J.: 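The structure under discussion is supplied below as structure tokens; questions concerning it will follow.
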Amino acid sequence: MPHPPSARHIIALYDRHARHWDRLRSNLFNDRKWIERFASSLPPSASVLDLGCGAGQPVAGAMIEVGHTVTGVDSSARMLAMCRERFAGHTWIQADMRTLDLNRRFAGILAWNSFFHLHHDDQRGMFPLFQRHAAPGALLMFTSGTGLGEALGEFQGETLYQASLDPQEYANLLQEHGFEVLDHVVEDPQSGGLTVWLCRALPC
């Protein structure tokens, strides 16, 4: 496979096509059951860190609708502008998720349809970051591929990179960084074929 597009390329792609992506995603909520499960499993008025929050709909919106407080992180300035317009009472940060250090902990962490755009080593490097931002008992939910590999998709005629580690490596990384796996569903047919990990931070 040719050398995969850089993270900068992916960030620029989403920034260029922010409005188009927002229209598509706002009208596509086939992963609702997972987002609602995550939201309902959190304590009331929980703090949620949404890594790769995009334009805020429908995922952050679903958290906010049931009373949670969202801190959204994305690299796209245009996406974040839409978040701020929609949900002014919440926190929206332009940053690279790979180097994030907010010096606080959250009751819930989402890396939903975002984490899998990172190269293999960058994905491995996210697990200490998850641990650093997770309160005791926090929920972590992310999507991945089904096995070790890389894939080049397409959005608006441009290359869209995705990658995945082996499931056993994800399980090992979660255990090493203080998380237990509550559920792992491969290519869930009820959610557009997403492969989902739902985890919980163990007490220190």
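No experiment lies behind these values; they were computed from the predicted model shown.
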J.: Run through Trp34, Phe116, Phe115 and flag the one making a ring pair (Phe, Tyr, Trp, His ring centres under 6.0 Å) with Phe142.
T.: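 By the ring pair (Phe, Tyr, Trp, His ring centres under 6.0 Å) criterion, Phe142 pairs with just one of Trp34, Phe116, Phe115: Phe115.
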
J.: Using the six-membered ring wherever Trp is involved, compare the ring planes of His90 and Phe87 and label them parallel, tilted or perpendicular (cut-offs 30° and 60°).
T.: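 Geometry flag for Phe87 against His90: perpendicular rings.
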
J.: Would you mind writing out the side-chain donor-acceptor pairs for residues 178-186 within the sub-3.5 Å range, not counting sequence neighbours?
T.:
| from | atom 1 | to | atom 2 | distance (Å) |
| --- | --- | --- | --- | --- |
| Glu180 | OE2 | Arg200 | NE | 2.9 |
| Glu180 | OE2 | Arg200 | NH2 | 2.7 |
| Asp183 | OD2 | Arg37 | NH1 | 2.8 |

J.: Hey, mind stepping through His133 and Leu51 against side chain to side chain contact (heavy atoms under 4.5 Å, CB included) and telling me if it holds?
T.: CA-CA 11 Å; His133 289 88; Leu51 297 168; over 6 Å; no

J.: Determine the minimum heavy-atom distance between Gly54 and Cys83, stating which atoms define it.
T.: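 What the structure gives for the nearest pair is O-SG, 3.1 Å.
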
J.: State, yes or no, whether a side-chain contact exists between Arg105 and Leu49 at a heavy-atom distance under 4.5 Å.
T.: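 Arg105 vs Leu49: side chains apart.
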
J.: Can you list every salt bridge (charged side-chain N to carboxylate O under 4.0 Å, His left out) pair that touches residues 50-65, not counting sequence neighbours?
T.: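 Every candidate salt bridge (charged side-chain N to carboxylate O under 4.0 Å, His left out) pair involving residues 50-65 fails, so no pair, neighbours aside, qualifies.
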
J.: Using only heavy-atom distances, determine whether the side chains of Ser191 and Asn30 contain a donor-acceptor pair under 3.5 Å.
T.: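 Judged by distance alone, the side chains do not pair up.
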
J.: If the condition is side-chain contact (heavy atoms from CB on, under 4.5 Å), which residues does Ala46 pass it with, not counting sequence neighbours?
T.: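 Listed in chain order: Leu42, Pro43, His68, Ala107.
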
J.: Please check if the side chain of Ser164 supplies one atom and the backbone of Leu148 the other of a donor-acceptor pair under 3.5 Å.
T.: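 Checked: no pair found.
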
J.: Please answer whether the main-chain N or O of Ala163 pairs with a side-chain N or O of Gln123 as donor and acceptor at a distance below 3.5 Å.
T.: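 The answer is yes, because a donor-acceptor pair under 3.5 Å joins these two groups.
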
J.: Give a yes or no answer on whether the side chain of Glu187 reaches the backbone of Leu194 with a donor-acceptor pair at less than 3.5 Å.
T.: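 Flag not set: sc Glu187 to bb Leu194 has no pair under 3.5 Å.
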
J.: Would you mind reporting whether Gln57 and Arg86 have side-chain heavy atoms less than 4.5 Å apart?
T.: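 Side chain of Arg86 against side chain of Gln57, heavy atoms only: contact under 4.5 Å found.
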
J.: Quick one: pull up CG in Asp31 and CD in Gln190 and give me the separation to the nearest 0.5 Å.
T.: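 Between Asp31 CG and Gln190 CD, I get 12.5 Å after rounding to 0.5 Å.
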
J.: What's the separation between atom CG in Leu80 and atom OG in Ser75, rounded to the nearest 0.5 Å?
T.: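 The distance works out to 8.5 Å.
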
J.: Heavy atoms only: give me the nearest Ser114-Ala111 pair and the separation to one decimal.
T.: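 It is OG-C, 3.5 Å.
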
J.: Between atom OG of Ser47 and atom CZ of Phe106, what is the distance when rounded to the nearest 0.5 Å?
T.: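 Rounded to the nearest 0.5 Å, the OG-CZ separation comes to 6.0 Å.
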
J.: Using the side chain to side chain contact (heavy atoms under 4.5 Å, CB included) rule, take Val73 and Gln94 through it: C-alpha gap first, then chi angles, then the decisive distance, then the call.
T.: CA-CA 6 Å; Val73 175; Gln94 186 176 5; over 6 Å; no

J.: Measure the spacing between OG1 of Thr71 and CG of Leu100 and express it to the nearest 0.5 Å.
T.: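 So the gap between those two atoms works out to 9.5 Å.
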
J.: Rounded to the nearest 0.5 Å, how far does CE of Met97 lie from CG of Leu129?
T.: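 These two atoms lie 9.0 Å from each other.
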
J.: Between Leu139 and Phe38, is a side chain to side chain contact (heavy atoms under 4.5 Å, CB included) present by the stated rule, with each step listed?
T.: CA-CA 8 Å; Leu139 293 182; Phe38 181 85; 3.6 Å; yes

J.: Determine the minimum heavy-atom distance between Ala62 and Ile35, stating which atoms define it.
T.: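 Closest heavy-atom pair between Ala62 and Ile35: CB-CG2, 3.8 Å.
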
J.: Show me the pairs that pass salt bridge (charged side-chain N to carboxylate O under 4.0 Å, His left out) and involve residues 129-149, at least two apart or across chains.
T.: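 Qualifying pairs, neighbours excluded: Asp101-Arg132.
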
J.: Quick check: do Pro128 and His177 have side-chain heavy atoms less than 4.5 Å from each other?
T.: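 Yes - at least one pair of side-chain heavy atoms lies under 4.5 Å apart.
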
J.: For Glu176, what residues pass the side chain to side chain donor-acceptor pair (under 3.5 Å) criterion, not counting sequence neighbours?
T.: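 Applying side chain to side chain donor-acceptor pair (under 3.5 Å) to Glu176 gives none.
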
J.: Taking all atoms of both residues into account, what is the closest heavy-atom pair of Pro167 and Thr146, and its distance?
T.: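 Looks like CG-O, 3.3 Å.
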
J.: Can you name the residues that form a side-chain contact (heavy atoms from CB on, under 4.5 Å) with Arg124, not counting sequence neighbours?
T.: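 Counting only residues at least two positions away or on another chain, Arg124 forms a side-chain contact (heavy atoms from CB on, under 4.5 Å) with His120, Asp121, Leu165, Glu169, Leu173.
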
J.: Kindly determine whether Leu174 and Leu140 satisfy side chain to side chain contact (heavy atoms under 4.5 Å, CB included), including the steps that lead there.
T.: CA-CA 10 Å; Leu174 286 161; Leu140 165 67; 3.8 Å; yes

J.: With a 3.5 Å cut-off and no angle check, do the side chains of Ser144 and Trp197 form a donor-acceptor pair?
T.: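 Ser144 vs Trp197: donor-acceptor pair found between side chains.
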
